[in-house]
Number of protein chains: 2
Amino acid sequence: MNIQETAACLGELGNETRLEIFRILVKSGHKKINVGDLQQQLDIPNSTLSHHLSKLTNVGLINQEKEGRHIFYHPHFKQLQGMIDFLLDECCEGESCLPKNNCC
Amino acid sequence: MNIQETAACLGELGNETRLEIFRILVKSGHKKINVGDLQQQLDIPNSTLSHHLSKLTNVGLINQEKEGRHIFYHPHFKQLQGMIDFLLDECCEGESCLPKNNCC
DNA sequence: TATTCATTTCGACAATCATGGAAATAATAG
DNA sequence: CTATTATTTCCATGATTGTCGAAATGAATA
C-alpha cells in the first residue's frame with residue numbers, strides 16, 4: 001500500500017455518503033447486502049448510489065459479488081487494514097508507540 | 001467522533017500532499033517541526049503548504065504551537081485514533097473481529 | 001527603526017466532484 | 001415473449017478543491 005493508494009482510499013471515505021455506505025457494509029460484516037438494501041437504508045437515488053459504490057470499488061475498499069439478479073457488496077477488510085497501517089506506520093520514528101492492530 | 005467529523009478528517013488526509021505532510025509529522029513523533037522544515041522536505045510554495053496545514057488544523061488532525069518566530073506543528077494523535085476507531089467501530093455487528101488499538 | 005526571515009492572506013484559475021434525472025441493460029418470473 | 005425488478009450508464013450542472021503568485025503580516029534581531 002503506497003501513498004497514492006492510501007490517499008485514494010482515504011479520499012473516497014472522506015465523503016459522508018460514502019462513509020455511511022461503507023459503515024453499513026462494515027457493520028453487517030459478512031452478511032450479504034445488495035444495492036436495493038442500501039438504497040432503502042440511505043434513501044438516495046439509484047444513480048447516485050451506484051456512483052458512490054463504483055468509487056469505493058475502484059479503490060478496492062469494497063467488493064461486489066454477482067448472484068442472480070442481485071449484486072452483493074462487502075467490505076474488503078484487507079484494504080481497510082492496509083490503509084490504517086499506512087497511517088500508523090513508522091509512527092514516532094520506530095519508537096513503536098502504536099501497537100499493531102489486525103482487522104478480521 | 002461522529003460521522004461528519006470523521007468524514008472531514010478522512011477527506012483531508014485523502015489529498016496526497018496533505019497525507020505526506022501528515023506522515024512527516026507522524027514519523028517525527030514528538031520532535032518539533034516548523035513550516036520551514038516542512039517546506040524544505042516537500043518543495044512546495046509556502047502559500048500551498050500553509051493552505052494544507054490550515055486544512056489539517058481545522059479538522060483537528062494537527063496542532064500548532066507558537067514559539068518565538070516559529071510555529072511548530074505536531075499530529076493530534078487522539079483525533080487520528082478517533083478517526084480509526086470510528087471506521088472499525090461496530091465491525092461485524094459486535095462480533096468484535098477487530099482488536100482495539102491504541103495510538104500513543 | 002530597519003532588516004530579515006517565517007508565515008499567512010488574498011485572489012484567481014482550471015480541474016475535479018457530488019448529485020440526480022432519464023434512458024439503457026440485465027436477469028428473473030409468469 | 002412480456003412484465004417486473006435491479007442495476008448501470010449517460011449526461012448535465014452547480015459546487016468545491018488544489019494550486020500558486022503576489023502582497024501582507026508578524027516577530028525577532030541588529
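Below, read A as the first sequence line, B as the second, and so on, with proteins coming before strands; counting in each chain starts at 1.
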Are there over 12 heavy-atom neighbours, none belonging to A:Asn2, within less than 6.0 Å of that residue's CG?
yes
Remember a base hit wins even if backbone is also touched, and classify A:Lys66 as base, sugar-phosphate or nothing at under 4.0 Å, heavy atoms.
nothing
Quick one: label A:Ser54 by what it contacts on the DNA or RNA (base, sugar-phosphate, nothing), any heavy atom closer than 4.0 Å.
nothing
The side chain of B:Tyr73 lies closest to which of these nucleotides: C:dT8, D:dT19, D:dT8?
C:dT8
Only one of B:Gln64, B:Glu65, B:Lys32 clears side-chain hydrogen bond (donor to acceptor under 3.5 Å, both in side chains) with B:Tyr73; which?
B:Gln64
Measure the shortest side-chain to side-chain distance between A:Gln39 and A:Asn46 over non-hydrogen atoms and say whether it is less than 4.5 angstrom.
yes
Which residue lies toward the 5' end of DNA chain C, B:Leu53 or A:Glu67, if each is placed at its nearest nucleotide?
B:Leu53
Among D:dA22, C:dC5, C:dA18, find the nucleotide with the atom closest to the side chain of B:Ser47.
D:dA22
Regarding A:Gln81 and A:Asp85, is there a side-chain donor-to-acceptor distance under 3.5 Å anywhere?
yes
Are B:Thr48 and D:dT19 close enough that a side-chain N or O sits under 4.0 Å from OP1 or OP2?
no
Atom-pair distance (CD on A:Glu16; C1' on C:dT19), nearest Å:
14 Å
By nearest-nucleotide position on DNA chain C, the 5'-leaning member of A:Gly11 and A:Gly68 is A:Gly11
Taking atom P of D:dG18 as reference, at what distance in whole Å does atom CG of B:Leu49 sit?
14 Å
Pick base, sugar-phosphate or nothing for A:Phe72, based on heavy-atom distances below 4.0 Å to the nucleic acid.
nothing
Salt bridge check: are B:Arg23 and A:Asp89 linked by an N-O gap of less than 4.0 Å?
yes
Rounded off to whole Å, could you give me the CG-to-C1' distance for the B:Asn15 and C:dA15 pair?
13 Å
Atom CD of B:Glu65 and atom C1' of C:dA6 are separated, to the nearest Å, by 16 Å
Side chain of B:Arg69, heavy atoms from C-beta onward: which of C:dT19, D:dA28, D:dT7 has the nearest atom to it?
D:dA28
Measure CD/A:Gln39 against C1'/D:dT7 and give the value in whole Å, please.
9 Å
How many Å lie between CZ on B:Arg18 and C1' on D:dT17, as a whole number?
8 Å
Between D:dT5 (P) and A:His70 (NE2): distance, integer Å
12 Å
Please report the distance, rounded to the nearest Å, between NE2 in B:His51 and P in C:dC10.
14 Å
Of the listed D:dG21, C:dA18, D:dT17, the closest approach to the B:Lys55 side chain comes from D:dT17
Tell me what A:His52 touches on the nucleic acid: a base, only sugar-phosphate, or nothing, going by heavy atoms under 4.0 Å.
sugar-phosphate
Under 4.0 Å, counting only non-hydrogen atoms across every strand here, what does B:Gln64 touch: a base, just sugar-phosphate, or nothing?
sugar-phosphate
